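This report refers to the structure that appears directly beneath it.
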Amino acid sequence: MTEAAAKRPRPSRPAAGKFAERRKELAQAAIQTLSELGYARTSLREIAQNSAFSHGVLHYYFTDKVDLITCCVREYKAQCVLRYDRLVVEADSPEGLAVRFADGLVESVREESKLHRLWYDLRAQALFEESFRADVLEIDASIERMIWRVVSRHAELLGVRPGLTSSSVYTMFDGAFQMALLRHLSGRPDALTDLHASALLMLRHATCSAPPPTGPVS
């Protein structure tokens with residue numbers, strides 16, 4: 001190494017906040033490519049070839065494709081959570097909340113099926129790849145909390161308490177959603193209408209309990 005090269009300042013990473021923000025921007029730009037290719041067929045180089053960013057840029061901000069994919073899915077699911085949380089805040093009747101929630105699930109499958117496919121791909125990989133598990137469990141927990149907020153608000157508007165646990169409710173909705181997604185991707189014409197009907201039925205079942213007591217419990 002020459003003396004001039006030794007004295008040349010090395011490029012430094014941006015401040016933590018700017019670095020994290022840049023990761024989010026890159027993840028949002030790459031997510032469409034990832035949703036098309038899926039986990040098994042991607043590498044940072046392949047993602048770079050299908051995006052406006054060089055392999056060097058992606059490798060600078062992400063350790064590997066696991067890091068990039070989990071960042072992509074985390075950002076997308078965070079946006080989904082905010083979308084449904086708005087329904088909870090705006091809800092003024094149990095019927096209105098139920099219909100808007102079911103409508104939202106149907107629209108999400110119709111308009112964002114490839115992005116949801118990427119999420120289920122990632123979650124399946126977590127069964128084999130330990131490096132995925134912490135992130136997948138954290139994302140799963142955020143979705144479960146979101147659905148529980150919908151159910152809790154629906155029960156509140158009905159004047160009852162939820163009749164199922166948060167885990168049970170999430171298992172029901174997640175199973176129905178994943179099956180609807182598979183059927184929709186397979187071209188089944190009844191996939192979305194069945195999902196809508198199932199969402200309304202499951203929401204009613206989840207809030208099918210006796211009204212809360214009005215006085216002290218002896």
Side-chain angles (χ1 to χ4, degrees), residues 24 28 31-32 35 72-123 135-217:
K24 289 182 181 180
Q28 290 171 355
I31 195 167
Q32 290 296 336
S35 65
C72 286
V73 172
R74 183 187 300 277
E75 288 303 309
Y76 171 66
K77 288 299 183 181
Q79 294 171 14
C80 289
V81 168
L82 290 175
R83 186 188 313 160
Y84 289 108
D85 279 350
R86 283 195 292 270
L87 298 183
V88 173
V89 172
E90 297 167 359
D92 56 7
S93 72
E95 296 81 7
L97 175 58
V99 170
R100 291 188 65 190
F101 180 56
D103 288 346
L105 294 177
V106 168
E107 181 182 2
S108 190
V109 172
R110 181 190 295 117
E111 302 297 331
E112 301 168 337
S113 58
K114 291 180 180 178
L115 298 175
H116 290 297
R117 181 178 66 181
L118 178 62
W119 158 240
Y120 285 114
D121 189 7
L122 178 65
R123 195 165 74 174
D135 289 300
V136 165
L137 288 172
E138 184 178 339
I139 295 168
D140 241 341
S142 71
I143 303 170
E144 179 179 335
R145 290 192 297 268
M146 176 272 292
I147 292 178
W148 185 246
R149 287 192 291 271
V150 173
V151 170
S152 297
R153 178 58 176 158
H154 188 255
E156 181 184 4
L157 290 168
L158 286 170
V160 301
R161 290 177 293 189
L164 297 173
T165 65
S166 174
S167 178
S168 298
V169 168
Y170 179 49
T171 299
M172 286 196 312
F173 277 101
D174 180 65
F177 189 88
Q178 184 175 11
M179 183 57 68
L181 176 64
L182 175 59
R183 290 173 175 171
H184 177 68
L185 291 171
S186 301
R188 290 276 296 270
D190 57 347
L192 299 184
T193 54
D194 284 353
L195 174 61
H196 196 278
S198 295
L200 295 177
L201 181 62
M202 289 186 295
L203 198 52
R204 284 198 298 269
H205 182 64
T207 53
C208 180
S209 69
T214 57
V217 179

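As the structure is a computational prediction, the values presented were derived from the model and not from experiment.
Put simply, CZ on Arg183 and CD on Gln178 are 11.5 Å apart, with the number rounded to the nearest 0.5 Å. Taking CG from Leu185 and NZ from Lys114, the interatomic distance works out to 9.0 Å, rounded to the nearest 0.5 Å. Note: Glu90 CD to Asp85 CG = 11.0 Å, rounded to the nearest 0.5 Å. With rounding to the nearest 0.5 angstrom, the CG atom of Asp140 is 11.5 Å from the CG atom of Asp135. Summarising the geometry, atom NE2 belonging to His196 is positioned 11.0 Å from atom CD belonging to Glu107; distances are rounded to the nearest 0.5 Å. Rounded to the nearest 0.5 angstrom, Leu115 CG and Cys80 SG are separated by 8.0 Å.
Here the closest heavy-atom approach between residue Pro162 and residue Trp148 is recorded as CB-CH2, 3.4 Å. Closest of all the heavy-atom pairs between His205 and Leu164 is CD2-CD1, 3.7 Å. Among all heavy-atom pairs drawn from Tyr76 and Ser108, the shortest one is OH-OG, 3.9 Å. Considering all non-hydrogen atoms of both residues, Ala180 and Ala191 come closest at O-CB, 3.8 Å. Taking every heavy atom of both residues into account, Leu195 and Val109 meet most closely at CD2-CG2, 3.8 Å.
The shortest side-chain heavy-atom distance between Arg74 and Ser142 does not fall under the 4.5 Å cut-off. In this structure, the side chains of Phe101 and Leu200 stay at 4.5 Å or more apart for every pair of heavy atoms. Side chains of Leu87 and Val150 form no contact here, defined as non-hydrogen atoms less than 4.5 Å apart. Trp119 places a side-chain heavy atom less than 4.5 Å from the side chain of Ile139. Here the side chains of Arg149 and Val81 are in contact, with some heavy-atom distance below 4.5 Å. Contact check for Met146 versus Lys77: no side-chain heavy atoms found under the 4.5 Å cut-off. Using a 4.5 Å cut-off on side-chain heavy atoms (C-beta onward), Tyr170 and Val151 make no contact.
For Ala199, the side-chain contact (heavy atoms from CB on, under 4.5 Å) partners at least two apart in sequence or on another chain are Ala102, Leu105, Phe173. Partners of Phe177 by ring-ring contact (aromatic ring centres under 6.0 Å, His included), not counting sequence neighbours, listed by chain and number: His116.
Taking the charged nitrogens against the carboxylate oxygens, Glu138 and Arg123 have no contact shorter than 4.0 Å, which rules out a salt bridge. Between Glu156 and Arg161 no salt bridge is recorded (no basic side-chain N to carboxylate O distance below 4.0 Å).
In summary, the side chains of Ser113 and His184 do not present any donor paired with an acceptor at a separation below 3.5 Å, with no hydrogens or angles considered. A donor atom on one side chain and an acceptor atom on the other are not found under 3.5 Å apart for Glu144 and Ser167. A donor-acceptor contact closer than 3.5 angstrom links the side chains of Thr165 and Ser168.
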